[in-house]
Trainee: 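Take this structure, written in structure tokens, and hold onto it; I'll ask about it next.
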Amino acid sequence: DTAVSQTPKYLVTQMGNDKSIKCEQNLGHDTMYWYKQDSKKFLKIMFSYNNKELIINETVPNRFSPKSPDKAHLNLHINSLELGDSAVYFCASSQELASADTQYFGPGTRLTVL
Amino acid sequence: RKEVEQDPGPFNVPEGATVAFNCTYSNSASQSFFWYRQDCRKEPKLLMSVYSSGNEDGRFTAQLNRASQYISLLIRDSKLSDSATYLCVVFNSGGSNYKLTFGKGTLLTVNP
């Protein structure tokens, strides 16, 4: 009965590869997000989607492409992985976009690029 | 100036101590404020919202001073289980750009 789930939990890959991270929420929320937490533990928003529509793209490189097939899913595909992409990626969801509702985070995907 | 700045920490306190965290934000138009808690190698979770009048939840008290753009969190009677990173979070909207901005967090370790 996990509210926000992500797969995989750990991802170790070589530079230059392409990888995807999947996220699903069963809370019936309209809005989903991707955050990146770097080695200094700084948590920063990358994307937000509301009802499958992209709302925020925080100057993330084009190598990162989110896809929302439906309101319950927001996947993140990363092309041509670089060393600097190593981080923990958190998916989150909230009821609505504009009302500062509580955001519920997934357990995170720890990406290591070698 | 960073959008959200917190005490760098870390804080090491004995059980039963009272500890206070401070946070400042740069955008005077910020609308909502929160404290999130993140345990080691876990996801952030909402601890409490912060209201202008100040609010309390058990041993936790949050204060907001909009004039000074300052937020605080006070933890009384610290427990071992309070050990975590505390994240000061601000909600902003600009046009359709609604988002939470997180501070870097302050690490608290409560010692027996």
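Because the structure is predicted, anything quoted here is derived from the model rather than measured. Just so we're on the same page: letters track the sequence lines, and every chain starts at 1.
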Trainee: Taking the ring centre of each residue, are B:F102 and B:Y36 less than 6.0 Å apart?
Mentor: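 For B:F102 and B:Y36, the ring centres are under 6.0 Å apart.
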
Trainee: Please identify, among B:Q38, B:K42, B:E43, the residue contributing the most non-hydrogen atom pairs under 4.5 Å to chain A.
Mentor: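 Option with the top pair count is B:E43.
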
Trainee: Counting the benzene-type ring for Trp, do A:F47 and A:Y35 have ring centres under 6.0 Å apart?
Mentor: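 No, too far apart.
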
Trainee: Using 30° and 60° as the class limits, which term best fits the ring planes of A:F90 and A:F105: parallel, tilted or perpendicular?
Mentor: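 Geometry flag for A:F105 against A:F90: perpendicular rings.
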
Trainee: Taking the six-membered ring for Trp, is the centroid-to-centroid distance between A:Y104 and A:H29 below 6.0 Å?
Mentor: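 So the answer is yes for these two rings.
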
Trainee: Mind telling me whether B:W35 and B:F21 have parallel, tilted or perpendicular rings, with 30° and 60° as the class edges?
Mentor: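 B:F21 vs B:W35 ring planes: tilted.
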
Trainee: Select, from A:E58, A:K40, A:K44, the one with the greatest count of heavy-atom pairs under 4.5 Å involving chain B.
Mentor: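 So the answer, after comparing A:E58, A:K40, A:K44, is A:E58.
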
Trainee: Check each atom of B:K45 against the heavy atoms of chain A and say whether the ones under 4.5 Å are side chain, backbone, both or neither.
Mentor: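 Contact with chain A is absent: no heavy atom of B:K45 under 4.5 Å.
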
Trainee: Can you say whether A:Q103 sits under 4.5 Å from chain B via the side chain, the backbone, both, or neither, judging by heavy atoms?
Mentor: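 Both parts, heavy atoms under 4.5 Å.
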
Trainee: With only heavy atoms counted, which part of A:I45 is less than 4.5 Å from chain B, the side chain, the backbone, both or neither?
Mentor: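 Side chain only.
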
Trainee: Please identify, among A:S94, A:A92, A:G106, the residue contributing the most non-hydrogen atom pairs under 4.5 Å to chain B.
Mentor: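 With the most close heavy-atom pairs to chain B, the winner is A:G106.
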
